[in-house]
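Order of listing sets the numbers, starting from 1, for every ligand and every atom in it.
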Amino acid sequence: MLRFDIITIFPEFFRTVFDFGIVRRARAAGLVEIAAHDLRAWTTDKHKVVDDRPFGGGDGMVLKPEPLCAAVEALTGAHEARELAGTKTRVVLLSPQGRVFEQKVAAELAEAERIVLICGRYEGVDERVVETCVTDELSIGDYVLSGGEPAAVVVVDATVRLLPGALGSETSAVNESFNAGLLDCPHYTRPVEYSGRRVPEVLLSGHHAEIARWRRREALRKTARNRPDLLQQATLDEQERTWLAEFDKEQ
Ligand code: 9D3
């Protein structure tokens, strides 16, 4: 059982987002538990203040360290990240300054028993939080969000689907990484003709080897067009390199 605790100033943001699809099923099956906590619960002043102005000046506000670290301590039993070394507890700060969250990181997180997700807001989080109570600082990519909450949803979703038993028998995490390093091929369903466009004949032919070959070629075409960066890492055979050269000529 993996447990996520999300620390946020907007706990309502998470009220229904985990009630659908694979995440809902994984929760129902007891594979994962997900709770969102209001950061203001760990303030000690009358006005429940969680932020303050940045030292050195500048726009915006910064999340204060005391409520955040008190929340982490309450949820993990540890005050300092170094106490968590060698345990299956991770304390993740979602921030634009983090290392990029990708499938490999999701696989690492899926090995944990407890994950605390801290959602940043405003201009950022006091750096002493990062230094003392955070084990991992993660970003979900190079674009500007209004806060860490959407990123927390992404991290939970990508991690939960890797838990053993989370995917039905029709899909598997092994299946998903089979095409390792390339984008998926195009998919078609009925009708055979839509808007004057027919489904590629090979897919109707029943020739499984031909179909597999077509899918590999079209996955390669998609990747070359939309994610040429992925081709640097991919190991391609002679046929696949020939196809790539042909795509260039066809453009
Ligand atoms: C002007 C400098 N900005 C930092 C790049 C300010 C700023 C932008 C956005 C400060 C905080 C935020 C809120 N974003 C997140 O908390 C966040 C985020 C993101 O914006 N992009 C990708 N991943 C993430 S994870 C958390």
Side-chain angles (χ1 to χ4, degrees), residues 2-18 20 22-23 32 34-43 48-76 81 84 89-112 114-162 183 226-227 229-230:
L2 170 60
R3 180 179 168 93
F4 283 98
D5 288 292
I6 303 171
I7 303 171
T8 171
I9 60 168
F10 297 128
E12 302 81 17
F13 184 93
F14 301 97
R15 195 172 284 159
T16 61
V17 76
F18 301 125
F20 302 91
I22 286 164
V23 174
V32 65
I34 308 164
H37 307 273
D38 189 344
L39 175 61
R40 293 186 200 281
W42 285 281
T43 56
K48 302 185 188 295
V49 174
V50 293
D51 60 338
D52 204 342
R53 297 160 68 197
F55 277 122
D59 291 332
M61 300 291 272
V62 175
L63 285 176
K64 293 165 62 61
E66 304 97 318
L68 277 172
C69 290
V72 170
E73 184 164 6
L75 293 168
T76 65
L84 299 173
T89 298
R90 311 281 287 256
V91 179
V92 174
L93 173 65
L94 297 158
S95 104
Q97 285 71 50
R99 67 182 167 122
V100 178
F101 181 71
E102 46 179 62
Q103 192 66 19
K104 249 188 274 175
V105 181
E108 271 177 45
L109 293 184
E111 300 288 316
R114 286 205 80 161
I115 301 174
V116 174
L117 299 177
I118 302 172
C119 302
R121 273 275 154 181
Y122 313 119
E123 274 315 289
V125 170
D126 189 297
E127 190 66 14
R128 290 164 296 183
V129 173
V130 180
E131 292 165 357
T132 62
C133 48
V134 164
T135 64
D136 302 86
E137 188 175 11
L138 298 180
S139 159
I140 61 164
D142 293 339
Y143 33 80
V144 181
L145 300 174
S146 307
E149 285 80 5
V153 173
V154 167
V155 168
V156 169
D157 188 276
T159 304
V160 166
R161 53 188 293 110
L162 294 178
L183 300 182
N226 291 347
R227 292 293 305 279
D229 57 300
L230 295 179

Element-labelled atoms of ligand 1 that are located less than 4.0 Å from some non-hydrogen atom of Val144: 8 (C), 9 (C), 20 (O)

Nitrogen or oxygen atoms of Ile140 and ligand 1 under 3.5 Å apart: yes

Identity and separation of the nearest protein heavy atom to atom 13 (C) of ligand 1: Leu145 O, 3.3 Å

Main-chain N/O of Val91 paired with Thr135 side-chain donor or acceptor, under 3.5 Å: yes

Candidate with minimal heavy-atom separation from atom 15 (C) of ligand 1, of Gly120, Gly147, Ala151, Gly141: Gly147

Ligand 1 to Gly124 polar contact by distance, N or O atoms, under 3.5 Å: no

Enumerated ligand 1 atoms positioned under 4.0 Å from heavy atoms of Tyr122: 10 (C), 11 (C)

Residue Ser95 vicinity, atoms of ligand 1 by number, heavy atom under 4.0 Å: 25 (S), 26 (C)

Atom 21 (N) of ligand 1 [closest protein heavy-atom partner, distance rounded to 0.1 Å]: Tyr143 O, 2.8 Å

Val105 vs Asp136 side-chain heavy atoms within contact, under 4.5 Å: no

Within reach of ligand 1, part of Glu123 (heavy-atom separation under 4.0 Å): both

Steps toward side-chain contact (heavy atoms from CB on, under 4.5 Å) verdict (Thr76, Val116): CA-CA 8 Å; Thr76 65; Val116 174; 3.7 Å; yes

Proximal atoms of ligand 1 relative to Gly148 (non-hydrogen, under 4.0 Å): 15 (C), 16 (O), 26 (C)

Any donor-acceptor N/O pair, Arg121 side chain to Ser146 backbone, under 3.5 Å: yes

Residue, atom name and distance, where the atom is the protein heavy atom closest to atom 4 (C) of ligand 1: Gln97 NE2, 3.9 Å

4.0 Å heavy-atom contact, Phe101 with ligand 1: no

Stepwise side-chain contact (heavy atoms from CB on, under 4.5 Å) check, Thr43 with Val50: CA-CA 7 Å; Thr43 56; Val50 293; 3.7 Å; yes

Validation row: Val32, Arg3 side chains within 4.5 angstrom (heavy atoms): no

Asp142 atom CG, over 12 foreign heavy atoms within 6.0 Å: no

Heavy-atom neighbours of Asp59 CG exceed 12 at 6.0 Å: no

Close side-chain approach of Phe13 and Pro150, heavy atoms under 4.5 Å: yes

Heavy atom of the protein closest to atom 17 (C) of ligand 1 (residue, atom name, distance): Pro96 CD, 3.8 Å

